[in-house]
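What follows is one structure encoded as structure tokens, with my remarks underneath.
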Amino acid sequence: MVQHNNDLDNHVDSEIYECINPTSPKSFFLFAGAGSGKTRTLINVLSRFKEQHGTNFKFRNKKIAIITYTNAAADEITRRLEHSSIFNVSTIHSFSWELIRNFTPDIKAWINNNLVVEIAELEEQQSKSRDLNNKTSIGRAKKIESKKERLASLGKIQKFIYNPNGDNITKDSLNHSEVISIAANFIKSKTLFKQILLNKFPVILIDESQDTKKELIDALFELQNQYKEKLSLGLFGDTMQRIYADGKENLGVGLPDDWIQPAKKINHRSKSRIIDLINKIRSEIDGQEQLPRIENTGGIVRLFAVSRTKNKPDVEKLICQKMKEFTNDDKWEDYDTDVMTLTLEHHMAARRMGFSTFFDPLYAVDKIKTSLLDGTSTSINLFSKIILALYQAYINNNKFEVANVIKKHSELVNKQTLLKEANKLNAFHSTNEKVNELMSLWSDGNQPTLLEILKNINETKLFKVPSTLKLVLARTGAKVTASEEEEDLDKDDDILGAWEVALTAKFSEIIEYSKYINEESAFGTHQGIKGLEFDRVMVIIDDEESKGFMFSYDKLFGIKPLTSADQKNIDEGKETGIDRTLRLFYVACSRAKESLAIVAYSDDAKVLKNNVVKYKWFSENEIIVL
């Protein structure tokens, strides 16, 4: 290992600070591998900028835009920058929406043109269909009808709305991909829009830039090339950690000569054995190598090759016991709290935690997937925030908290309702009886279904039933009161059908789901934990259970042969599923600080071991067949 000290990367902060100097802006790409402390660099640079230029920026009403990948990351950076008004920290969707939200006529024109093109393309495909009654043709016909309805209703829209963190299913809503596409188009094509953007944000910094939408990155590159003297565009990233297909390939390669390209060499997170592993994983991709902190020697890595016929929960607990022995770390024994288990797909965690009946049907619908994972859906929050809070307060006999939940969420006792009530005490008594009636669904150890809970609430009017759930209730034959809100809703059959299935779940699933999305469980996904770190990590690999098509560990480890399409992509130098899987594997393994267990399920565990040994990522005694 190369001789070094822990201050090897200190020069990077100064280089980046010089790039965002308002009098001589330069653009840069910072290579920052796993655990290299890029957020620390970002905070150091911006704190120094605030001291030197903060007053001037405030006076001139200018800001530095910092675009992050998650709301949690944005909140953390905002906190560490002490909520200074010269920094605009947001996700890429929030940033894009802020840029375009006041350009209603331009948005309307873009939507109109886009719909015309999409309808024409769909109709051409439909005209070539040999069977208009097959599933694909029927689905296409519905899409054509839906897009034509939207086109016809465009004239009535006074203002577009958009929620960066949730569902966008009303007729005046923009969806997530539209917001990005519109922002990219306006940056490229509208001179006034460019000037407004440059005047407000002379510095734009993008974290996890390798996974930022390609079309927006391309638009910003074009803008920077046109206005080099006015814009400092700073990209923080690592191409090896690009795990989403809509990110820009080979970002950082072939940049203009005047871009600054600093690199951070030290991994401050992991022990040396784990760093050695991730260096080997990426060795054939770009040859970038990291160094550990001088005190971070050691670390334990094991790969368990397991037959898919085994009982997975039992195997995973057994592996924790074995890791406890290998590491002399008793915390490996506490699988549910002290070991971070990373699954390839959310539904694998849902199955292990027991909330898949609720989760799986909703996760299968793209329009509501985001809000399901963020916990921002009004329909989901009825159960996960309101009913769950009421249930927990009730079973703990916390009457004060029960009253708080009712006061906050029930229209039966809000200020407007009570003003109309002659006998306010009766209103409180009546509401209390309705709470008891709802809670009686849990009596004698019963676990009610979500549909039973929803029907009770609909009948008693204890809480407002969200519009989507009203439509679902109506499909079950329940009497619901319609409102103008429901009239403007996109009555998507996929959404309503998914909810019909999800409502058959027991309420106990909501408890587990809530733990998962609030990061109170010891489960995450290979993709979702990017940027996070844990002392003990178990990576679960199972293509069969994940049901995905974007990644294939069986192909990566030589268990399944390459398809002709794979080979064609390799021959043409295009990205393959193996490339994506290798990067995902890198991200998952690089989360571990102290010890790492990789659990690889396979139809042939012995062949898996033999193949992996050839890669020289692991020594033979680090691979255990179960």
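For the single chain, residues carry numbers from 1 onward in sequence order. Computed from heavy atoms alone, side chains included, the values below leave out hydrogens, waters and symmetry copies. These numbers come from a predicted model, not from an experiment.
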(Q) Could you check, using the six-membered ring where one of them is a Trp, whether Y363 and H346 have ring centers closer than 6.0 angstrom? (A) yes
Q: Would you mind listing every ring pair (Phe, Tyr, Trp, His ring centres under 6.0 Å) that reaches into residues 572-607, with sequence neighbours excluded?
A: Y553-F585, F557-F585, F585-W617
**Q.** Donor on one side chain, acceptor on other, E333 and Q321, under 3.5 Å
**A.** yes
Q.
Within the 3.5 Å criterion, strictly below it, is a donor on N6 or E295 matched to an acceptor on the partner's side chain?
A. yes
Q: Working to the nearest 0.5 Å, report the span between CZ of R302 and CZ of F304.
A: 7.5 Å
Q: May I have the step-by-step check of side-chain hydrogen bond (donor to acceptor under 3.5 Å, both in side chains) for S619 and N621, ending in yes or no?
A: CA-CA 6 Å; S619 62; N621 66 348; 2.5 Å; yes
(Q) Is it true that D566 and T563 share a donor-acceptor pair across their side chains at a distance under 3.5 Å? (A) yes
**Q.** K324 side chain reached by D329 side chain, heavy atoms, under 4.5 Å
**A.** no
Q. Are R79 and E76 within salt-bridge range, i.e. N to O under 4.0 Å?
A. yes
Q: May I ask you to test the V179-F95 pair for a side-chain heavy-atom distance under 4.5 Å?
A: no
Q: Provide the closest heavy-atom pair for S307 versus A605 in the form atom of the first, atom of the second, distance.
A: N-CB, 4.1 Å
Q. Between K38 and D207, does at least one N-O distance fall below 4.0 Å, as a salt bridge requires?
A. yes
Q: May I ask you to check whether over 12 heavy atoms, not counting those of K317, lie within 6.0 Å of atom NZ?
A: no
Q: Using the test salt bridge (Lys or Arg N to Asp or Glu O under 4.0 Å), find all partners of K568 that sit at least two apart in sequence or belong to another chain.
A: E572
Q: Looking only at non-hydrogen atoms, find the nearest pair between L216 and S96 and report the distance.
A: CD2-OG, 3.7 Å
Q: For atom NZ of K312, decide whether the heavy atoms of other residues, nucleotides or ligands shown that lie under 6.0 angstrom number more than 12.
A: yes
Q | L233 to L220 - nearest heavy-atom pair and separation | A | CD2-O, 3.8 Å
**Q.** Under 3.5 Å side-chain donor-acceptor pair for T576 and D579
**A.** yes
Q: Please determine if R352 forms a cation-pi arrangement with F523, meaning its NZ or CZ atom is less than 6.0 Å from the six-membered ring centre and no more than 45° off the ring axis.
A: no
Q: Report the residues that fulfil side-chain hydrogen bond (donor to acceptor under 3.5 Å, both in side chains) with E15, sequence neighbours left out, ordered by chain and then residue number.
A: H11
Q. Under 3.5 Å, is there a donor-acceptor pair linking the side chains of S552 and D554?
A. no
Q.
Hydrogens and angles aside, do N175 and S177 bring a side-chain donor and acceptor to less than 3.5 Å of each other?
A. yes
Q) Mind checking whether I511 and L388 have side chains closer than 4.5 Å, heavy atoms only? A) yes
Q) Is D603 salt-bridged to R308, going by a charged N under 4.0 Å from an acidic O? A) yes
Q) Heavy atoms, side chains only, cut-off 4.5 Å: are E575 and R583 in contact? A) yes
Enumerate, atom names and distances included, each donor-acceptor pair closer than 3.5 Å involving a side-chain atom of residues 335-342, sequence neighbours excluded.
{"unit_1": "Y335", "atom_1": "OH", "unit_2": "E316", "atom_2": "OE1", "d": "3.1"}
{"unit_1": "T337", "atom_1": "OG1", "unit_2": "D334", "atom_2": "OD1", "d": "3.1"}
{"unit_1": "T337", "atom_1": "OG1", "unit_2": "D334", "atom_2": "OD2", "d": "2.9"}

**Q.** Non-neighbouring partners of S137 that pass side-chain hydrogen bond (donor to acceptor under 3.5 Å, both in side chains), sequence neighbours left out
**A.** S129, N134
Q. Strictly by modelled atom types, are T468 and W499 linked by a side-chain donor-acceptor pair under 3.5 Å?
A. no
Q) So, W442 versus F507, ring centres under 6.0 angstrom or not? A) yes
(Q) Please determine whether side chain to side chain contact (heavy atoms under 4.5 Å, CB included) holds for the pair R536 and E594, giving the CA-CA distance in whole Å, both sets of side-chain angles, and the decisive distance to 0.1 Å. (A) CA-CA 6 Å; R536 297 155 218 88; E594 302 282 338; 5.7 Å; no
Q: Give the minimum heavy-atom separation between S595 and I274, together with the two atoms involved.
A: N-CD1, 3.9 Å
Q: Under the salt bridge (Lys or Arg N to Asp or Glu O under 4.0 Å) rule, collect the residues that match up with R282, sequence neighbours excluded.
A: D238, D286
Q) So, E512 and K515, do they make that salt bridge, N to O below 4.0 Å? A) yes
Q. Which pair of non-hydrogen atoms, one from N5 and one from I294, has the smallest distance, and what is that distance?
A. CA-CG2, 4.4 Å
Q) Any ion pair linking K310 and D314 (charged N to carboxylate O, less than 4.0 Å)? A) no
Q. Is it true that D9 and K264 make a salt bridge, defined as a side-chain N closer than 4.0 Å to a carboxylate O?
A. no
(Q) Under a 3.5 Å threshold, yes or no: a donor from one side chain and an acceptor from the other, between Q290 and S36? (A) no
Q. Judged by modelled atom types alone, do K555 and T581 share a side-chain donor-acceptor pair under 3.5 Å?
A. no
